[in-house]
Undergrad: 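The structure that follows is given in the form of structure tokens.
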Protein chains: 2
Amino acid sequence: MGLTKTEIFTEKQNKIALFAKVFGHPARVSILQHLFKIDTCVCGDLVNEIGLAQPTISQHLKELKQLGLIKGNVEGTSVCYCIHKENWAAMKIVMTEFLNQDLTQKQDCC
Amino acid sequence: MGLTKTEIFTEKQNKIALFAKVFGHPARVSILQHLFKIDTCVCGDLVNEIGLAQPTISQHLKELKQLGLIKGNVEGTSVCYCIHKENWAAMKIVMTEFLNQDLTQKQDCC
DNA sequence: TTTATATATCGTAATATTGCAATAAACAAA
DNA sequence: TTTGTTTATTGCAATATTACGATATATAAA
């Protein structure tokens, strides 16, 4: 117990859940919003911008990177991060389809 | 440690994260998809539909209900569940705004 | 009242997540 | 080479999540 039974769900359901999970923490939401706002690659800054310790930010960045939503590039001693545009667009299609499910409910007993 | 520092993030960032978190499990994704597909309130069924034990489904339903995304109505011995249309629409606005952040990146060093 | 059916809650074990101090690694500058 | 700067990794404690058996609750049917 304690572990999600991914095998009983469809690939798409698991995909949606994985994307949603990574958005399920305000620090990662904040990181992504900052990367969008800055509108260019950002080296450093993120630790100062968000009020969490450097190892914590590094860990959140790793998760975003593992899902392919951001990419990083070593630039001297620092690493520049930015949104992975293509992957973000692909994710958006999956998530938007889920959110936009049609609701023309016939009966409403609730 | 082990607990999210919600106080250092904006209300909106926390809201996005909370919605995303509830979508971050394939069982809840599956439940919501089923409610949309059935297109009416459903009493029972969910336990048979998804391959998880009854207490587990009940727990997932509770989380969806707590966030206001579904509502339940007691109908004899069973409980009927359906999507909470208004709240789903409100959630959709928040999440879509997050997903649709503009990306006209000036530089792309990554 | 007794029995059957459906859902919720409790308790608990297994696993995952969050956060950070300490430390490592990688590179630039002196 | 030494020093400083930046990011990643390790290890660990605190907390959260997932799943389910056992049981409680509520109503319907016999």
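Letters go in sequence order (proteins before strands), and every chain restarts at 1.
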Undergrad: When you measure only distances, ignoring hydrogens and angles, does the side chain of B:Q54 come within 3.5 Å of the base of C:dA6 through a donor and an acceptor?
TA: no

Undergrad: Quick one: are A:E75 and A:N73 in side-chain contact, heavy atoms under 4.5 Å?
TA: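 Yes, close enough: below the 4.5 Å cut-off.
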
Undergrad: Should B:S58 be listed as having a side-chain N or O under 4.0 Å from OP1 or OP2 of C:dA8?
TA: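 It does, given that an N or O in the side chain of B:S58 lies less than 4.0 Å from OP1 or OP2 of C:dA8.
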
Undergrad: Would a distance-only check, ignoring hydrogens and angles, find a side-chain to backbone donor-acceptor pair under 3.5 Å from A:W88 to B:L99?
TA: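 Yes, A:W88 side chain to B:L99 backbone: donor-acceptor pair under 3.5 Å.
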
Undergrad: Tell me if a side-chain donor or acceptor on A:T96 pairs with a main-chain N or O of A:K92 at a distance below 3.5 Å.
TA: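 The answer is yes, because a donor-acceptor pair under 3.5 Å joins these two groups.
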
Undergrad: Out of D:dC20, C:dC27, C:dT7, which has the shortest distance to the side chain of A:K5?
TA: D:dC20

Undergrad: Taking only the side-chain heavy atoms of A:L52 (C-beta and beyond), determine which of D:dT7, D:dT9, C:dG19 contains the nearest atom.
TA: C:dG19

Undergrad: Output the single nucleotide from D:dA16, C:dT18, D:dC20 whose closest atom is nearest the side chain of B:K21.
TA: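 Looking only at heavy atoms from C-beta outward on B:K21, the closest nucleotide is D:dA16.
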
Undergrad: Nearest to the side chain of B:T4, which nucleotide is it out of C:dC20, C:dT7, C:dG19?
TA: C:dG19

Undergrad: Does B:Y81 place a side-chain N or O at less than 4.0 Å from the phosphate oxygens OP1/OP2 of C:dA8?
TA: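 It does, given that an N or O in the side chain of B:Y81 lies less than 4.0 Å from OP1 or OP2 of C:dA8.
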
Undergrad: Please state whether the phosphate of D:dA19, meaning OP1 or OP2, lies under 4.0 angstrom from any side-chain nitrogen or oxygen of B:H25.
TA: yes

Undergrad: So, OP1 or OP2 of C:dC20: does either fall under 4.0 Å of a side-chain N or O from A:T56?
TA: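 Yes, such a contact exists.
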
